[in-house]
Trainee: 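There's a structure below that I have some questions on.
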Amino acid sequence: MKITGAVLSQRDLPRPYAESAPLAVTSLELAEPGPEELLVRIEVAGLCHSDLSVVNGDRPRPLPMLLGHEAAGVVEATGPLSADADLFPVGQRVVLTFLPRCGACEACATDGIRPCTPGSVTNGAGELLTGGTRLTGEGGEPVLHHLGASAFATHAVVDRRSVVPVPADVPAEVAALLGCAVLTGGGAVLNTGGVQPGQRVTVVGLGGVGMAAVLTALALDGVEVCAVDMQDDKLATARRLGAARAATPDEAAADPAYKGDLVIEAAGSVRAFETAVALTAPGGRTVTVGLPHPDARASISPLGLVAEGRTIIGSYLGNAVPRRDIPRFVELWRAGQLPVEELVSDRIGLADLNTALDRLDAGAALRQLIVMEH
Ligand SMILES: [Zn+2]
Ligand SMILES: [Zn+2]
């Protein structure tokens, strides 16, 4: 079928992206769903820093690629499914997640600690979990999938192991955010964080993932939350949502009240990582979920770790098992304890994506949602 989507053909074009236009909204051919695959009509997709990282070359991916990995949509058709057919009737709303879980490999048996091995391989190659691409450009060239999703499009064909069904009362905008921002930031708190009542959680970097970590920590009983970012408006948002304190990295470094038993780094920069390690209290955990450039190197004091009994943990996708964790976040949202809607800073169309990249690059956005027109 013919679809419309936003394709990246060349990385590292100059800023501003509104002028260099790295993402081209174009017509593509999308194959019918094959075995283990679903055709999903995309309703809403979020623009995440990991999309920007493909555009600016921090996360080099094979090109051309149809970007977008945080989204929700509705099942329109399925290929032959060997399992899960009852989960995905036509009309079912689903959350796309950015790492398929095959459920059969050694890594999939680690309760979310290790990313699925075949899923990581096909993600790196720009293919779906069963291999290959279902997208063809206007010139007949194969177009690759972004993280098994390629959601900046009117429709997507995805593997059944890349999606999770959600109940109909979960709006598409909320559902979309569950797939990346909440799963990653919230999972870092609930799965990786090990927080106890009476402890303090400090979040460094208040993009969509970091603010989702703030929201999730605020949902825990008896936990105090601090927020750190360079942008005043994001600090104000964190305070409004319930953070006890919010400050710039320099201010936080000078104030012992920012030392966290759990410190989450969600900015993906060396400075944020070093800030997070320095803000971790004795006996505490630094959990890093950001994705810096592969060549980035940080400077920390090993003696400080030993002398203070601190731990540093890397957490991909918040150590989440999407089928286990997305229902947990839905329950928190339903109970009014996780106002996911607060993560939305703008609603745009596909044609606005390059301008939206500039806003994200300037640190001036939480989550910009692409509301798909059909
Ligand atoms: Zn993301
Ligand atoms: Zn696996």
Side-chain angles (χ1 to χ4, degrees), residues 6 8 36 42 44-56 58-59 61 65-72 83-84 95-125 127-131 145-152 159-164 175-188 205-213 264 266-268 288-292 315-326 329 340 343-345 353 356-357 360-361 365-370:
L8 178 74
E36 315 304 345
I42 303 294
V44 173
L47 177 62
C48 169
H49 208 280
S50 301
D51 299 301
L52 176 60
S53 296
V54 181
V55 171
N56 68 20
D58 276 357
R59 293 283 281 174
R61 299 277 179 190
M65 180 174 275
L66 201 168
L67 294 192
H69 61 277
E70 178 185 78
D84 296 340
V95 176
L96 276 64
T97 66
F98 63 84
L99 177 69
R101 288 181 66 81
C102 77
C105 74
E106 201 178 295
C108 275
T110 63
D111 214 22
I113 292 171
R114 283 174 54 196
C116 170
T117 303
S120 300
V121 169
T122 52
N123 270 7
E127 299 180 347
L128 296 189
L129 186 57
T130 42
H145 298 264
H146 188 207
L147 303 177
S150 285
F152 293 161
D159 194 280
R160 65 178 169 83
R161 291 156 290 190
S162 289
V163 292
V164 176
L177 291 163
L178 295 180
C180 174
V182 175
L183 216 45
T184 305
L206 301 177
V209 170
M211 204 65 90
I264 292 176
T288 179
V289 302
L291 296 166
S315 174
Y316 192 71
L317 184 58
N319 294 146
V321 178
R323 284 194 187 180
R324 175 195 70 194
D325 293 344
I326 284 180
F329 290 116
V340 176
L343 300 176
V344 182
S345 56
L353 264 171
L357 285 171
L360 183 59
D361 190 44
L366 279 180
R367 268 302 192 263
Q368 305 177 84
L369 294 186
I370 299 103

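Whatever order the structure lists them in is the order used to number ligands and atoms, beginning at 1. Quick note: residue numbers are just sequence positions, from 1.
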Trainee: Within less than 2.8 Å of the Zn ion (ligand 1), any N, O or S from His69?
Mentor: yes
Trainee: If every non-hydrogen atom of Leu291 is compared with every non-hydrogen atom of Ser50, which pair is closest and at what distance?
Mentor: CD1-OG, 3.8 Å
Trainee: Only one of Asn319, Val209, Leu317 forms a side-chain contact (heavy atoms from CB on, under 4.5 Å) with Val289, so which one is it?
Mentor: Val209
Trainee: What are the two closest heavy atoms between Val321 and Arg101, and how far apart are they?
Mentor: CG1-NE, 3.9 Å
Trainee: Which atom pair, heavy atoms only, marks the closest approach of Ala356 to Gln368?
Mentor: O-NE2, 2.9 Å
Trainee: What are the two closest heavy atoms between Ala45 and Ala151, and how far apart are they?
Mentor: CB-O, 3.7 Å
Trainee: Suppose you place the vertex at the Zn ion (ligand 1); what is the angle out to Cys48 SG and Cys180 SG, to 10°?
Mentor: 120°
Trainee: So, are Arg161 and Asp84 salt-bridged, with charged N and O less than 4.0 Å apart?
Mentor: no
Trainee: Tell me the closest heavy-atom pair linking Phe152 and Asp51, and the distance in Å.
Mentor: CZ-OD2, 3.6 Å
Trainee: Under 2.8 Å from the Zn ion (ligand 2), which protein atoms of type N, O or S occur, listed by chain and number?
Mentor: Cys102 SG, Cys105 SG, Cys108 SG, Cys116 SG
